[in-house]
Amino acid sequence: MSLVVENLHVESGGREILRGINLELSRGEVHVVLGPNGAGKSTLLYTIAGIPRYLVKKGRIVFEDEDVTNLPTFERVRRGMCLMHQFQPQFKTVKVQDLERMLISKFGGNELALKARDTLDIESLRGRYLFTNMSGGERKRLELYLTLLTNPRLVLLDEPDSGVDVDSLVKIGEVINMIIDSSLSCILVTHRGDIVNMLKRIDRVHVMCSGRIVESDGKEMLEKVLRSGFRRVCEKLRERFD
Ligand code: ADP
Ligand code: MG
């Protein structure tokens, strides 16, 4: 098993955000997570990645048979877990080429990242300050490339398709297909049908509402949910817990 999330309860800023998430990903599987704004999708990915402001109150996270619940983020990255953020912070003193060089010297570089670098048009961004004054498409393309430089075996993608132009979207879709071809495990959070329709394979789809996974099913659920919205699915949750 690549990743097992067991009965995960998470608090941040003094409130409970995740209320008992269960998730299992076999090695090489691609799971899509959907849900309305505020459902807790980013919180789930942040917590799996070990971002400290998300406190695990109950449950555990197991990556490749090791309990990583209490490991710091860098230890998780070292083991092959890597997160691409929904919003990229701007660094006004670090150039892209410097971080790229550092990641290559630390992680050794890899063929997938090299291929992604060309597909994602990274060349023109090298001399820029990290994410500073970059367009949505540039930021997402760049972070996807930098994520792959850490040699991940589990890639957590938080809305890699939001706020990007159509050309960037196609490039990002191509690289996610390279991730799928390379048999890496992947959790993709998205709101959009166009990126999921580009993907070669999706093994499972989960819908989150109010900090819980309400429904999990095969790819066929995507179309239903993206067509009719989340309301009907989320109502089921209310019936169950109210
Ligand atoms: P999604 O990614 O599904 O839109 P988030 O995980 O970003 O949802 O947020 C889920 C809920 O938790 C939201 O109501 C958000 O305001 C709240 N939240 C997220 N992070 C924090 C935090 N650090 N402090 C307080 N509330 C937070
Ligand atoms: Mg989010």
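Remember, it's 1-based here, ligands and their atoms both numbered in the order they're listed.
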Tell me whether E143 contacts the main-chain N or O of H85 through its side chain, where contact means a donor paired with an acceptor under 3.5 Å.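 Between the backbone of H85 and the side chain of E143 there is a qualifying donor-acceptor contact (under 3.5 Å).
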Are [X] and [Y] within salt-bridge range, i.e. N to O under 4.0 Å?
| X | Y | value |
| --- | --- | --- |
| E16 | K57 | no |
| E29 | R204 | no |
| K41 | D158 | no |
| R79 | E75 | yes |

Tell me, please: is G35 in heavy-atom contact with ligand 1, that is, under 4.0 Å?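 Contact check G35 vs ligand 1: negative.
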Within less than 2.8 Å of the Mg ion (ligand 2): protein N, O or S atom count: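 Those protein atoms number 2 in total.
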Once you restrict to heavy atoms under 4.0 Å, what part of T43 touches ligand 1? Side chain, backbone, both or neither.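 Both of them.
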With a 4.0 Å heavy-atom cut-off (strictly under), which part of Y54 contacts ligand 1: side chain, backbone, both or neither?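 Side chain only; the backbone of Y54 stays clear of ligand 1.
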Neighbour count >12 (heavy atoms, 6.0 Å) for atom CD, E223: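 No.
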Is atom CD of E220 surrounded by more than 12 heavy atoms (other residues, nucleotides or ligands) closer than 6.0 Å?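 Yes, because the 6.0 Å sphere around CD of E220 holds more than 12 heavy atoms from other groups.
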V164: side chain to side chain contact (heavy atoms under 4.5 Å, CB included) partners, not counting sequence neighbours: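 If we apply the side chain to side chain contact (heavy atoms under 4.5 Å, CB included) test to V164, skipping adjacent residues, the hits are K140, S168, L169, I172.
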Among all protein heavy atoms, pick out the one at the shortest distance from [atom]; state its residue, atom name and that distance to 0.1 Å.
| atom | answer |
| --- | --- |
| atom 8 (O) of ligand 1 | G40 N, 3.2 Å |
| atom 11 (C) of ligand 1 | G38 O, 3.6 Å |
| atom 7 (O) of ligand 1 | S42 CB, 3.7 Å |

Taking only heavy atoms of I17, which atoms of ligand 1 are found under 4.0 Å from at least one of them?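 The atoms of ligand 1 under 4.0 Å from a heavy atom of I17 are 10 (C), 11 (C), 12 (O), 17 (C), 18 (N), 19 (C), 20 (N), 21 (C), 27 (C).
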Show the atoms of ligand 1 that are less than 4.0 angstrom away from any heavy atom in N37.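 Numbered from 1, ligand 1 contributes 4 (O).
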Nearest heavy atom to atom 15 (C) of ligand 1: which of R15, H191, E159 does it belong to?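 Closest candidate by heavy-atom distance is R15.
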Is it true that the NZ or CZ of K95 lies under 6.0 Å from the centre of Y129's six-membered ring and within 45 degrees of the ring axis?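 Judged by the rule, K95 and Y129 form a cation-pi pair.
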Going by the angle between their ring planes, with limits at 30° and 60°, are Y54 and Y46 parallel, tilted or perpendicular?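 Y54 and Y46: parallel rings.
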Geometric N/O contact S12 with ligand 1, under 3.5 angstrom: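 Yes - when backbone and side-chain N and O of S12 are compared with those of ligand 1, one distance drops under 3.5 Å.
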Report yes if the side chains of I187 and L3 come closer than 4.5 Å at any heavy-atom pair, otherwise no.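 I187 reaches L3 side chain to side chain.
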